[in-house]
Amino acid sequence: MKLYAFDSGGGWPVGTDSFFQPRRAAFWVLVALIVNGLFYTSHMFSTGLKVVPVTVLLGLLAWAGYTLAFVLALRLFDLLEQHPPEAFVLAFCWGGLGAVFFAVPANAAFQSLCGKLVSPEFVAAWGAALAGPSTEEFLKLAGVILLVLVARNQFQTHLSVLVVGAMAGLGFQVVENLSYTVNASLHFPLESQLDPVWLNLLTRGLLAGLWTHAAYTTVASYGLAWFLLHPERSLARRLGVALLCFLLAWGCISCGTLPGWRTCSTAAIPG
């Protein structure tokens, strides 16, 4: 284990990069894309706020509580000791704002291309199982890579990479689930605006939440950690491990979006 000397003010270890790096291009790329995603996501939920405000506001509270529970669990196991708080805030925001901003049009473009190259019937059955993992996992992992570029010497253990990946996946998971909650209330109206919140929190949060995006990005991040922390290995082997972990995460997402599983997982609320 690497030992650090801390400054007298109780801050982060002396000689270790901060995640506030205005002189590095990666920092501004990360911030710009997160801010852009914030405007996009706000616009995406603006219609829901006008039509089903109770669902949106209660959904925000419910999924915020869900996030807090995850963070407390990570803190309980001392996983948040790997980095200062801003690292996890940036990772969560990237997953929930930056990655989501790119994922929505990327998924649509991917499925449109499949429809032209194969058939609309193929897209209806298999489009989500192919588009989701191909675009979403790449985008979430891209945020982890940007954070590594911002503060490279913060990532000196496998766990330091994995926990950032988990936080990026959690951000994506929470915003995606909130969008499902709002869409369910908009397109499949029930008697109460509260029902979509409870049903989505149960099905997508509690029943399936422990093995969705947070877990997938953790798996993919292990490959990145192995690539970074084993320079003594050949480049081909490091790339092979990184690719293998990415493909494993890809397969996990794909299995979760197969036609049969998707039908079961959305039986409570269509969408």
Test side chain to side chain contact (heavy atoms under 4.5 Å, CB included) applied to Gln111 and Trp126, step by step:
CA-CA 9 Å; Gln111 295 193 49; Trp126 300 99; over 6 Å; no

In one Ile/Leu/Val/Met/Phe/Trp/Tyr side-chain cluster, 4.5 Å: Leu113, Val104
yes

Nearest 0.5 Å, what's the CG-CG distance between Asp17 and Asn153?
4.0 Å

Do Glu137 and Cys252 come close enough that some side-chain heavy atom pair is under 4.5 Å?
no

Tell me whether Leu146 shares a hydrophobic cluster with Phe155, the cluster being built from Ile, Leu, Val, Met, Phe, Trp, Tyr side chains joined at under 4.5 Å.
yes

Could you tell me the separation between the CZ atom of Phe77 and the CG atom of Leu159, rounded to the nearest 0.5 Å?
12.0 Å

For the residue pair Val100 and Glu176, establish whether any side-chain heavy-atom pair is separated by less than 4.5 Å.
no

For the pair Thr217 (side chain) and Lys140 (backbone), establish whether a donor and an acceptor sit closer than 3.5 Å, ignoring hydrogens and angles.
no

Please report the interatomic distance CZ(Arg152) to CG(Leu147), rounded to the nearest 0.5 Å.
13.5 Å

Working note: Phe122 + Leu130, criterion side chain to side chain contact (heavy atoms under 4.5 Å, CB included); need CA distance, chi angles, decisive distance, verdict.
CA-CA 11 Å; Phe122 175 83; Leu130 295 176; 3.6 Å; yes

Would you kindly confirm whether Leu61 and Leu201 end up in one hydrophobic cluster when ILVMFWY residues are joined by side chain heavy atoms under 4.5 Å apart?
no

Could you tell me which non-hydrogen atom of Leu248 sits nearest to which non-hydrogen atom of Val219, and how far apart they are?
CD2-CG1, 3.7 Å

Using only atom types and a distance under 3.5 Å, with no angle test, would you say the side chain of Trp28 pairs donor to acceptor with the backbone of Pro22?
yes

Please examine the side chains of Leu49 and Leu57, heavy atoms only from C-beta on, and report whether any two atoms are closer than 4.5 Å.
yes

Run the salt-bridge test on Arg75 and Glu81 with the 4.0 Å N-O cut-off and return the result as yes or no.
no

Considering non-hydrogen atoms only, spot the tightest contact between Val56 and Val182 and give its length.
CG2-CG2, 3.9 Å

Which pairs count as ring-ring contact (aromatic ring centres under 6.0 Å, His included) when at least one residue sits in residues 86-108, sequence neighbours excluded?
Tyr40-Phe101, His83-Phe88

Are a donor atom and an acceptor atom from the side chains of Gln173 and Tyr66 found within less than 3.5 Å of each other?
yes

Are Trp63 and Thr181 side-chain neighbours, meaning at least one heavy-atom pair lies under 4.5 Å?
yes

Under the criterion side chain to side chain contact (heavy atoms under 4.5 Å, CB included), I'd like the reasoning laid out for Ser18 against Glu86: C-alpha separation, chi angles, the key distance, then a yes or no.
CA-CA 9 Å; Ser18 164; Glu86 57 265 27; 4.2 Å; yes

If you look at every heavy atom in Val175 and Gly96, which pair is closest and at what distance?
CG2-O, 3.3 Å

Which distance, rounded to the nearest 0.5 Å, do you find between the CZ of Phe20 and the CG of Leu90?
11.0 Å

Determine whether the side chains of Thr157 and Gln82 contain a donor N or O and an acceptor N or O closer than 3.5 Å.
yes

Please examine the side chains of Ser134 and Phe110, heavy atoms only from C-beta on, and report whether any two atoms are closer than 4.5 Å.
yes

Between CE of Met167 and OG1 of Thr218, what distance do you get to the nearest 0.5 Å?
10.0 Å

Considering only heavy atoms from C-beta outward, does the side chain of Glu136 approach that of Asn107 to under 4.5 Å?
yes

Is the shortest side-chain heavy-atom distance between Ile34 and Leu38 below 4.5 Å?
no

Okay, side chain of Ser112, backbone of Ala108: is any donor-acceptor separation there less than 3.5 Å?
no

Between Leu244 and Phe227, is there shared hydrophobic-cluster membership here, with clusters defined by ILVMFWY side-chain heavy atoms closer than 4.5 Å?
no

Do Phe138 and Leu141 belong to the same hydrophobic cluster, where Ile, Leu, Val, Met, Phe, Trp and Tyr are linked whenever their side-chain heavy atoms lie under 4.5 Å apart, directly or via other members?
yes

Shortest non-hydrogen contact from Ser221 toward Val144
OG-CG2, 4.1 Å

For Phe45, does the CZ atom sit with more than 12 other heavy atoms under 6.0 Å from it, leaving out its own atoms?
yes

Evaluation steps, side chain to side chain contact (heavy atoms under 4.5 Å, CB included), between Leu178 and Leu60:
CA-CA 7 Å; Leu178 179 59; Leu60 282 170; 3.5 Å; yes

So does Phe27 get a backbone contact from the side chain of Gln21, meaning a donor-acceptor N/O pair under 3.5 Å?
no

Output all residues satisfying ring-ring contact (aromatic ring centres under 6.0 Å, His included) with Phe39, sequence neighbours left out; order by chain, then residue number.
none

Heavy-atom closest contact (Val150 atom, Ala26 atom, distance)
CG2-C, 3.8 Å

What distance do Leu186 atom CG and Thr55 atom OG1 have between them, rounded to the nearest 0.5 Å?
8.0 Å

Going by heavy atoms in the side chains, are Trp250 and Tyr216 under 4.5 Å from each other?
no

Of the non-hydrogen atoms in Gly169 and His213, which two are nearest, and what is the gap between them?
O-CB, 3.4 Å

